[in-house]
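Convention: sequence-line order gives letters A, B, ...; per-chain numbering from 1.
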Amino acid sequence: MKIIDTSTMIEDDFDKFTLHQIYNGLDACVTYEVLDALLPQLDNYTAGTYEFSRALQGPALEMRLRGVRIDNRRRQEVIEEYYESLSALEAQLEYIVSEGCGLWNFNWRSNSDLKELFYVRLGIPPIRKQGRITVDRSALEKMEAYTVAKPIVRHLEAMRDIGKKIQVLKTAIDSDCRIRTSYNIGGTSTGRFSSSFSEFGTGTNLQNIEESLRSVFISDPGMKMAYLDAQQGESRVVGAIEWNLFRDGRYLDACEGGDLHTAVAKLCWPELDWPGDLAGDREVAERIYYRHYDRRFMCKKIGHGSNYGGKPRTLAAQAKVDIDVISDFQPKYFLAFPAHLRWHADVQQRLNRTGHLVSLTGRKRWFLGRRSDDSTLREAIAYDPQGSLADILNGGMLNVWRSTVGCQLLMQIHDAILIQYPEEQEDKIIPKVLKQLEQPLALKHDRELVIPYDAKVGWNWGKYDSSENVDGLKTWKGGDTRQRTKEMHLLDRPVRRAYRRG
DNA sequence: AAATTTAGCGCG
DNA sequence: AAAGCGCGCTAAATTT
């Protein structure tokens, strides 16, 4: 054994391999020295958080290693279809812009080209966002009101939608037809995971995949998937915080009593025909409202946004409703749940006095922004529910991972996990998984927080659809009689589309 | 030519 | 002038 003093060594004295070993050694040893300096600084809260983070390395590394199987044939097909639609739209738009507006060498992805087109050539008054001129989606939507802009805008909206999907679909996957991500356990200020490309440079963030692309993620042969998501998780945590602080359980009661987002929808659109029962109301709330989103989805935004200090104008813009809808809604909402405003005031006070907060699950965070800034207060308000739910979800995930229920973790998506298991054992495994996830958290004044999980099962990550996606996720009720669609040999498949000429 | 910043957009 | 929070990725634009 040879000891190398890196403070005096001369690089030229060593071969490349040895230099790599030295580099690795420094990586490990210096990190260890840092740990020596950090450990004495831990307090009761941060020591717990550190231990928890270390424990999460197990499931996180396993998910990173395993990856998720991709239906590559379907992926390629979809990419091709999207590319075809995109190039057709591109050609049409190029024609409109060159012949109609006299703009050559126009690039629809270039925001400066778009600003030139709309705000100079077409003479539309510039639309601003935080003081800056913008051509984002909401600006495009506003410009639909101008007859000259409308066909262009319609093209751009469709092209951006498709372009975004292509971007995700063409992400490089590994040679074993699996997509892998790298979870970063300490990657956020709240305690959530972050997700990004894998250590091999393949894959991507898997926590922002849109619903329409999820069906290309499939389970392994003989395995079936379950998507388990915490029902109204963040809202329940808000309710739990308010219970602990003020012994005011009205919001938690509301979460536990019914569907909160539907209740918000009823407050926002009282003029709609609400049947009055849980299932009927939910059906009304789930009718498509804007793009592919339903009212219930919009109300999630309105509810969360209001909880976290959102103002009518912003929330109205986000939920695509008239500002009056929110201005009418919020007073009713804060009257029904007065603890919300008390909680905000309490956060403000703690922030001013101490500069840090400890969440419901005992996670401590310092706030380094100016304490007098509104944005610092809003960060602080959002912190506890967001961080606590992450801890609760991850705690449940850790239970599942440590247990012997016989499933494999595939993904963590903030308030949900995706797992797979031998399909014939579904009805044995799902209840056990739910039990591991739904462990109660003790609150003050003799109450518990239990977050129920919704389980959906299938052979791919997309939503079940009787015509489009029969293998997709369907709410688990026990006894799913479906059989997985057989994979068809390439040559046996019907030809879907003729080659385009040209 | 390479590195960094900006704008836009997807998810929870 | 604007006022939910938390992320990561891409193409274009800008700086080095």
Side-chain angles (χ1 to χ4, degrees), chain A residues 107-115 128-140 156-157 159-172 181-198 201 203-214 227 229-235 237-238 291-293 297 300-319 326 330 340 344 347 357 365 367 369 372-390 393 411-417 461:
Chain A
N107 176 0
W108 66 273
R109 294 183 197 267
S110 158
N111 295 319
S112 64
D113 282 8
L114 291 177
K115 285 173 193 165
R128 286 164 188 277
K129 185 169 75 174
Q130 281 160 304
R132 293 164 187 251
I133 295 176
T134 178
V135 286
D136 69 2
R137 188 170 189 110
S138 75
L140 294 183
L156 286 171
E157 287 167 350
M159 290 160 74
R160 280 185 180 173
D161 280 351
I162 297 171
K164 186 78 185 172
K165 293 182 209 295
I166 291 174
Q167 177 202 310
V168 175
L169 283 170
K170 72 176 191 190
T171 302
T181 191
S182 162
Y183 289 106
N184 187 347
I185 296 167
T188 68
S189 43
T190 55
R192 280 184 173 187
F193 281 7
S194 72
S195 156
S196 57
F197 60 89
S198 76
T204 183
N205 177 1
L206 291 186
Q207 293 179 318
N208 65 348
I209 305 295
E210 65 168 289
E211 211 286 322
S212 69
L213 303 179
R214 292 186 178 189
Y227 185 75
D229 73 301
Q231 295 178 33
Q232 313 180 50
E234 245 175 69
S235 302
V237 175
V238 169
R291 296 175 74 189
H292 51 287
Y293 303 116
F297 178 86
K300 245 190 225 181
K301 286 196 169 299
I302 297 171
H304 280 139
S306 299
N307 290 354
Y308 300 153
K311 299 291 182 289
R313 185 157 38 125
T314 318
L315 297 188
Q318 278 195 30
I326 311 291
Q330 282 195 336
H340 285 346
H344 293 177
V347 170
L357 292 179
R365 173 177 168 190
F367 292 86
S372 55
D373 276 359
D374 276 357
S375 60
T376 311
L377 173 62
R378 288 196 303 270
E379 275 175 31
I381 291 169
Y383 163 65
D384 191 338
Q386 216 174 86
S388 293
L389 181 66
L393 183 283
M411 281 192 210
Q412 190 265 32
I413 314 101
H414 302 308
D415 71 343
I417 58 171
W461 192 23

Report the residues that fulfil side chain to side chain donor-acceptor pair (under 3.5 Å) with [X], sequence neighbours left out, ordered by chain and then residue number.
{"X": "A:D136", "answer": "A:K129, A:S138"}
{"X": "A:Y183", "answer": "none"}
{"X": "A:K170", "answer": "none"}
{"X": "A:T188", "answer": "A:T190"}

Classify [X] by what it touches in the nucleic acid, base, sugar-phosphate, or nothing, heavy-atom distance under 4.0 Å.
{"X": "A:T134", "result": "sugar-phosphate"}
{"X": "A:V168", "result": "nothing"}
{"X": "A:F367", "result": "nothing"}

With P as the reference atom in both, quote the distance from C:dA3 to B:dA7 in angstrom, rounded to an integer.
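Per the computed distance, 15 Å lies between those P atoms.
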A:F297: what forms a ring-ring contact (aromatic ring centres under 6.0 Å, His included) with it, not counting sequence neighbours?
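Once residues adjacent in sequence are excluded, the partners of A:F297 under the ring-ring contact (aromatic ring centres under 6.0 Å, His included) criterion are A:Y293.
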Set of residues satisfying ring-ring contact (aromatic ring centres under 6.0 Å, His included) with respect to A:H340, sequence neighbours excluded
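Partners of A:H340 by the ring-ring contact (aromatic ring centres under 6.0 Å, His included) criterion, ordered by chain and then number, come out as A:Y251, A:Y333, A:F337.
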Using only heavy-atom distances, determine whether the side chains of A:T204 and A:T171 contain a donor-acceptor pair under 3.5 Å.
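Absent: no donor and acceptor within the cut-off.
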Which pairs pass salt bridge (Lys or Arg N to Asp or Glu O under 4.0 Å) with one or both residues in residues 159-169 of chain A, sequence neighbours excluded?
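Sorted result for residues 159-169 of chain A: A:R137-A:D161, A:D161-A:R291, A:K165-A:E210.
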Reading nucleotides 1-6 of chain C from the 5' end, what letters show protein touch, with B for base, S for backbone sugar-phosphate only, - for no heavy atom under 4.0 Å?
SSBBBB
Determine which bases of DNA chain C form Watson-Crick or G-U wobble pairs with both distances under 3.5 Å, and write the result as a 5' to 3' dot-bracket string with | for other-strand partners.
....||||||||||||
Outermost nucleotides of DNA chain B that come under 4.0 Å of a non-hydrogen atom of chain A
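Contacts span B:dT6 to B:dG12, reading 5' to 3'.
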Strictly below 4.0 Å: does A:S112 bring a side-chain N or O up to OP1 or OP2 of C:dA13?
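For A:S112, the contact criterion (side-chain N or O under 4.0 Å from OP1 or OP2 of C:dA13) is met.
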Rounded to the nearest Å, what distance is computed from the OH atom of residue A:Y183 to the C1' atom of nucleotide C:dC7?
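Taking atom C1' of C:dC7 as the reference, OH of A:Y183 is at 13 Å.
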Please lay out, stage by stage, how A:Q207 and A:Q412 fare under the test side-chain contact (heavy atoms from CB on, under 4.5 Å).
CA-CA 8 Å; A:Q207 293 179 318; A:Q412 190 265 32; 2.9 Å; yes
When you look at A:L156 and A:L114, which way does the side-chain contact (heavy atoms from CB on, under 4.5 Å) test go after all the steps?
CA-CA 10 Å; A:L156 286 171; A:L114 291 177; 3.6 Å; yes
For the atom pair NE2 (A:H414) and CD (A:Q386), what is the distance rounded to the nearest 0.5 Å?
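So the NE2 of A:H414 and the CD of A:Q386 are separated by 8.5 Å.
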Write out a two-atom table: protein N or O, nucleotide N or O from nucleotides 9-11 of chain C, distance below 3.5 Å.
{"unit_1": "C:dC9", "atom_1": "OP1", "unit_2": "A:F197", "atom_2": "N", "d": "2.8"}

Any donor-acceptor pair under 3.5 Å from A:R378 side chain to A:Y308 backbone:
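Not confirmed, A:R378 side chain does not pair with A:Y308 backbone.
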Going by side-chain contact (heavy atoms from CB on, under 4.5 Å), name the residues that satisfy it together with A:S198, two or more places apart in sequence or in a different chain.
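Here the qualifying residues are A:R180, A:F200, A:T202.
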